[in-house]
S.K.: 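I have a structure here, written as structure tokens, and I will follow up with some questions on it.
Excluded from the calculations below are hydrogen atoms, water molecules and symmetry mates; all remaining heavy atoms, backbone and side chain alike, are included.
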Amino acid sequence: DGLHFRSVTVLPVGQMAALVRLEIENRSGVARTVTLKYGLRGGVTRVDSPWVNPIPPSEEDNNVTVDQGNGTMLFSARASNAVSCQGILPKPASITTRSMTLTLRLDPGGTSAITYINAIGGTPEEAVTTYRRVAVNPEQMITEARENWNRELTAVFTPGNDRYSGSLPELDTTDRDVLRLYLTGILAVISFKRDTPFSVIGRAYDTLMPKWWQTTTFIWDYSLSSLVHALLDPDVMRKYIHHWMKSDIHTHFGTEYLTGGSVGPWYSVNDSAMVGLSRDYLRWTGHHGWLNEQVAGRPVLDYLTEYALNWQQFRQPGGLADYGGLLNLLECVSTYVHQVAAMNAANVSSMRTVAELHAMLGDNQKAVQLRQEAKTLINDLLPLYNPGKGCWSARFPDGSLVDVRHCYDFFTVMNSIGDDLTSVQREEMVEFFRRELQSPTWMRAISPDDDDALFSVRPDHQWNGAYPAW
């Protein structure tokens with residue numbers, strides 16, 4: 001109808017606040033009167049205990065106070081010390097306990113902006129003070145946020161910068177798609193960085209923002225960005241590895257930073273993820289003496305050896321590890337259970353990695369033992385491959401084989417034991433990916449032809465999408 005809307009959303013630097021600037025341009029060719037109504041809600045709370053659920057805690061029964069003079073609303077938690085001060089600029093013409101309304105007159109070609117602000121504090125005074133600090137000059141807040149991000153991006157590619165313990169290389173390429181992919185992957189990691197006074201472990205990296213598990217770092221997801229962390233922030237990476245070594249990685253899937261405690265059930269990937277993280281840390285820092293460092297009374301290499309061999313406690317008569325049910329694996333693929341290709345292939349890679357470390361430190365006997373175990377496991381794993389199809393099967397406790405046309409087997413097997421496959425097997429796997437998983441704009445985690453494709457509509461592991469870190 002001739003109105004053009006453009007929004008900018010920022011978190012003002014150093015403020016417990018969010019700001020959304022909505023710009024409206026009248027392209028209709030005639031004068032327009034525009035009435036806007038903002039529906040506002042609270043839900044603010046403060047919870048210092050671990051956030052152990054995917055959705056963040058909230059209080060849906062906030063007390064609501066309207067300040068007509070200042071054009072704001074206060075949402076106050078009943079069960080904790082938390083307040084949200086919300087409002088819009090210019091000041092609204094009317095306010096209820098649920099909404100704010102204002103009317104704008106726009107000449108032809110004219111533009112007007114409305115700024116919504118949400119400031120949080122432990123008391124009404126703190127929330128209002130933060131709100132006013134942001135409201136004094138919203139444009140300055142937007143400018144400062146943009147400049148801060150530009151400095152952040154500069155630091156990422158600057159050796160010896162003052163924001164990270166490492167840096168990343170710039171990519172010199174004429175392929176804009178490859179460059180975009182490279183930069184997007186980096187941006188995903190740095191946007192998860194949390195330097196917050198509420199973290200008891202110091203700097204943290206979230207792994208499933210913005211909607212889920214806001215205070216949790218998953219071992220699995222962190223390891224999928226292992227190379228970036230090893231180059232960009234190796235000190236924090238080492239801290240995480242030590243933290244997880246001190247905990248029992250076979251009883252949880254990650255750490256939340258409000259208490260430093262463990263969260264969730266065990267993920268079967270944890271062992272190979274820890275070995276992979278350690279491998280990349282060593283490879284890119286050259287800190288080989290770290291292997292002999294003591295962590296909770298044990299040298300680092302002892303932990304890595306334990307992780308590399310932990311699969312053996314799940315070993316079945318056929319030689320493969322059985323990793324149990326849904327919650328230990330992909331959660332929403334009902335056939336990806338028990339003896340699966342990816343996890344067993346990752347065990348091969350872990351044993352080879354740790355064998356290399358033992359050999360580097362002069363323990364050739366242990367290295368030979370690990371390499372022989374890896375060789376045996378590969379021979380036991382290959383019968384899960386489906387010749388001609390390019391995908392792998394899962395073996396169930398009754399010995400039956402179920403085809404699983406999932407990308408996790410494709411990527412993990414290729415990355416872990418790709419050189420152990422025949423050229424025909426590799427070609428068939430690539431063709432399978434192109435035929436059944438690749439889409440014009442992205443990919444599917446599981447083939448629509450898989451019998452399990454109707455089990456779930458979760459877009460990270462199923463037929464209707466794929467987790468970006470794959």
S.K.: With no hydrogens and no angle check, is any side-chain donor or acceptor of Trp220 less than 3.5 Å from a backbone partner on Asn270?
M.R.: no

S.K.: Test your reading of the model: is there a side-chain donor-acceptor pair from Ser80 to the backbone of Arg46, 3.5 Å cut-off?
M.R.: yes

S.K.: Hydrogens and angles aside, do Asn347 and Ser272 bring a side-chain donor and acceptor to less than 3.5 Å of each other?
M.R.: no

S.K.: Would you check if the side chain of Gln425 reaches a backbone N or O of Thr422 as a donor-acceptor pair within less than 3.5 Å?
M.R.: yes

S.K.: So, the side chain of Arg426 versus the backbone of Leu421: is there a donor-acceptor pair under 3.5 Å, distance only?
M.R.: yes

S.K.: Can you check whether Asn161's main-chain N or O pairs, donor with acceptor, with Thr158's side chain at less than 3.5 Å?
M.R.: no

S.K.: Please check if the distance between the ring centroids of Phe218 and Trp244 is under 6.0 Å.
M.R.: no

S.K.: Under a 3.5 Å cutoff, is there a donor and acceptor pairing between the side chains of Glu60 and Ser58?
M.R.: yes

S.K.: Between His250 and Asn310, is any side-chain donor less than 3.5 angstrom from a side-chain acceptor?
M.R.: yes

S.K.: Tell me which pairs pass ring-ring contact (aromatic ring centres under 6.0 Å, His included) where either residue lies in residues 148-205, with sequence neighbours left out.
M.R.: Tyr205-His229

S.K.: Within 45° of the ring axis of Tyr303 and under 6.0 Å from its six-membered ring centre, is that where the NZ or CZ of Arg298 lies?
M.R.: yes

S.K.: For His358 and Thr305, run side chain to side chain donor-acceptor pair (under 3.5 Å): C-alpha distance rounded to whole Å, both residues' side-chain angles, the deciding distance at 0.1 Å, then the answer.
M.R.: CA-CA 9 Å; His358 277 285; Thr305 305; 2.8 Å; yes

S.K.: Sub-3.5 Å donor-acceptor pair from the side chain of Gln462 to the main-chain atoms of Asp452, do we have one?
M.R.: yes

S.K.: Output a table of donor-acceptor pairs, distance under 3.5 Å, between side-chain atoms of residues 166-179 and any protein atom two or more places apart or on a different chain; print 'none' if there are none.
M.R.:
from	atom 1	to	atom 2	distance (Å)
Thr173	OG1	Asp175	N	3.0
Asp175	OD1	Asp177	N	3.0
Asp175	OD1	Val178	N	3.1

S.K.: If you look at every heavy atom in Gly324 and Leu329, which pair is closest and at what distance?
M.R.: O-CD1, 3.9 Å

S.K.: Kindly determine whether Tyr131 and Thr72 satisfy side chain to side chain donor-acceptor pair (under 3.5 Å), including the steps that lead there.
M.R.: CA-CA 9 Å; Tyr131 178 92; Thr72 59; over 6 Å; no

